[in-house]
2 protein chains.
Amino acid sequence: MAVTIRDVAQAAGVHVSTVSRTFSAPHMVNADTRERVLAAATQLGYRPNQAARALTTGRTHNLGLIVADIANPFFPPLIKAAQAYARERGYHVFVADTDEDPQEEQELIQTLAKQVDGVVLVSPRLTNHSIERLGMELPFVVVNRRVKGLSAVLMDVGSGAVQAVRHLTSLGHRRLALLGGPRGSWTSEQMRKAATAEAAAAGAELTVIGPNSPTERGGTDAAPEVLGCRATGVIAYNDLVAIGLIEGLAARGVEVPAGMSVVGVDDTVAGRLNRPKLTTVAMPTAAAGRTAVDLLLQAVDARGNGAAAQTTLETSLVVRESTAAVRPGENPPAGAPEIAGAPAG
Amino acid sequence: MAVTIRDVAQAAGVHVSTVSRTFSAPHMVNADTRERVLAAATQLGYRPNQAARALTTGRTHNLGLIVADIANPFFPPLIKAAQAYARERGYHVFVADTDEDPQEEQELIQTLAKQVDGVVLVSPRLTNHSIERLGMELPFVVVNRRVKGLSAVLMDVGSGAVQAVRHLTSLGHRRLALLGGPRGSWTSEQMRKAATAEAAAAGAELTVIGPNSPTERGGTDAAPEVLGCRATGVIAYNDLVAIGLIEGLAARGVEVPAGMSVVGVDDTVAGRLNRPKLTTVAMPTAAAGRTAVDLLLQAVDARGNGAAAQTTLETSLVVRESTAAVRPGENPPAGAPEIAGAPAG
DNA sequence: GTGAAAGCGCTAACAC
DNA sequence: GTGTTAGCGCTTTCAC
């Protein structure tokens, strides 16, 4: 097998405990001895075995990161950032994909439990109740979800939706549509509430369409309904849905942004590369990944005590080419009574 | 702490070794006893501690997966497939991102070494020599690279490039350009060789442009050069480069596919969603992920004996909207001598 | 400041 | 078929 602490001890002419101390509590060992041990260690290419170490310390220095779908363009930047940040702090991370299956999610958590110090759950599919129960045995941080007693990082899509509505109304749009996400999505619900309120405040009409599949297909399929409600500006659940919608509209002879303004959410590469380039609500996914790891490590250190922390990350509208001023005549006929809008604030 | 094998033994009224056997060699224990042990185990919620198990067996049941950049759209499908397949076989996977840094790659491998049974290296940035050396201590599988003594999964981009050239020449294009990837890319070199040979065989001219950054920017920047060589059809190193090129051409008043045909490589979402939809060489990334894990597990089981296996995966051209027949008059004037092409085969 | 010894949770001979 | 024992690589009392 590989080189162990015993080999180093022998080579340095000290006892194993001294070698152990040199690595886990260097200040407790005489400088000279330390040098000698370190020299022997590098000479032999010794690396402490984390797994063995974990057996006595109870700290694996590993984290779990569980997402619904690695291939969904929303996740990779988050995974990348979480992994990089964890590494900086001396942790390795298991990345697992549940394929949107709650059953698999639970199984994953349980098999991972003994090998990690904590896990980050991104947009979990498990019920709050299940998560709470599992949370008793292992530190968790949830992303885009609120679970009693657990730290969470939330992305403020509500404010993003508000910005999107303002952007559209400032371009003169008065009839808006919101393409919601899948049933039960926390994000979708936040968007709906915020957009509805803001539209009302701005005196605009807003039709909510959904639930929709969070995919390109979801957008394409919704195109007829969008046209049906006579909206001139629409906010989609995410970039994929927005892109699908644009396609669906094109198939029906409506060009974006000339005939319709479309706003996405997420700011994925796909949207950035789309033509027209997508106006979208940028989600702070990388920051979310880092923050989640940060909170998790805090929770790990606190070992049960220490209150759960909630961090809300700001979103921001990125204006590109898929939105434009409403065409004259596209709004309710001049002179017709506007929908009464409650003044904001 | 959590529930251990000892608790189960006590509850079931047997000794720890019996419990151990019930989990690692069920056939070696009497059916009745086994039932009793299993009952006690589930009742207590016992799960074997993999890390402790690894200490004696030398098998961690963990794998490492090291990629250059998680956020690059090429990798997620591979990661997803590898992870899913590993899980099916009872393995968890550490995913790590080197940020294209060979130093970091090496460090990662070394710190991971003790915690995994093997690692998959995707498009490694380390030199072959370094990899060979590390390969002595740990089973490796490399993807898109050949390293002496190690199993590898290769994607046949050469054949993909040939298909792309044929597609373009069959559309009447006679002056082609190839946008290479970054310096030292195995993939890029394979493409160059294959495309050059096939173009010659088809009596077409092929200009190689590069090295280019494997990003959208790389494509945009290459636009002037592409125009300069008077090509009417171009094959880009990957989808991102292709998309960038299309943009760069548009900025110069050249529309795709009317004014220029463009073929990408990878078949990422980005290309699928681009407008015009990208004609591209589909890379079997998911299959590569699965195959890599498969080969790795074989190597792990063989423990040093067992020859290194090489698997080459086919690529295939997906024709969409970014390629079209050459415009009349765009080729060398009729009557002018064609470039002599060596007949194929 | 360093050595000796026990033990983390588990498996693997070896007895019986 | 099951119990006993030693030990995987490491940390951590406790002596000295």
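All values derive from a computational prediction rather than experimental measurement. Just so it is clear: chains get the letters A, B, ... in the order the sequence lines come, proteins before strands, and each one is counted from 1.
- In this structure, B:Leu63 and B:Phe94 have side chains that are not in contact, with every pair of non-hydrogen atoms separated by 4.5 Å or more.
- Summarising the geometry of B:Ala96 relative to B:Leu108, their closest heavy-atom pair is CB-CD2, 3.5 Å, with the distance given to 0.1 Å.
- Here the C1' atom of nucleotide D:dG9 and the CG atom of A:Leu44 are 15 Å apart, to the nearest Å.
- B:Ser185 contributes no side-chain N or O that, together with a main-chain N or O of B:Gly181, makes up a donor-acceptor pair within less than 3.5 Å.
- Across the protein-nucleic acid pair, B:Gln10 atom CD and C:dG9 atom C1' stand 15 Å apart, rounded to whole Å.
- Rounding to whole angstrom units, NZ of residue B:Lys114 and C1' of D:dC8 are separated by 13 Å.
- To the nearest angstrom, P of D:dG3 lies 15 Å from CZ of B:Arg6.
- Remark: B:Met28, B:Val29, B:Asn30, B:Thr33 in residues 26-35 of chain B come within less than 4.0 Å of DNA chain D through at least one heavy atom.
- Rounded to an integer number of Å, the gap from CG of A:Asn49 to C1' of D:dG7 is 14 Å.
- In this structure, A:Asn49 contributes its side chain and B:Lys114 its backbone to no donor-acceptor pair below 3.5 Å.
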I'd like to know whether B:Arg87 forms a salt bridge (charged side-chain N to carboxylate O under 4.0 Å, His left out) with A:Asp97, so could you lay out the CA-CA distance, the side-chain angles of the two residues, the decisive distance to 0.1 Å, and finally the verdict. CA-CA 10 Å; B:Arg87 236 191 104 35; A:Asp97 181 311; over 6 Å; no
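- One interatomic measurement links the two molecules: NE2 of A:His61 to P of D:dC10, which rounds to 14 Å at whole-angstrom precision.
- The CZ atom of A:Arg36 sits 15 Å away from the P atom of C:dG1 (whole-angstrom rounding).
- Distance CG (B:Leu55) to C1' (D:dC8): 4 Å, rounded to an integer number of Å.
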Under 4.0 Å protein heavy-atom contact, by nucleotide of nucleotides 11-16 of chain C - B base, S sugar-phosphate only: BBB---
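- What you find for B:Leu78 and B:Leu65 is that their closest heavy atoms are CD2-CD1, 4.4 Å.
- In this structure, B:Ile131 and B:Leu121 have side chains that are in contact, with non-hydrogen atoms separated by less than 4.5 Å.
- Scanning for side-chain hydrogen bond (donor to acceptor under 3.5 Å, both in side chains) contacts around A:Asp301 gives an empty result, with sequence neighbours left out.
- Side chain of B:Ser151 to backbone of B:Ala309: a donor-acceptor contact under 3.5 angstrom is found.
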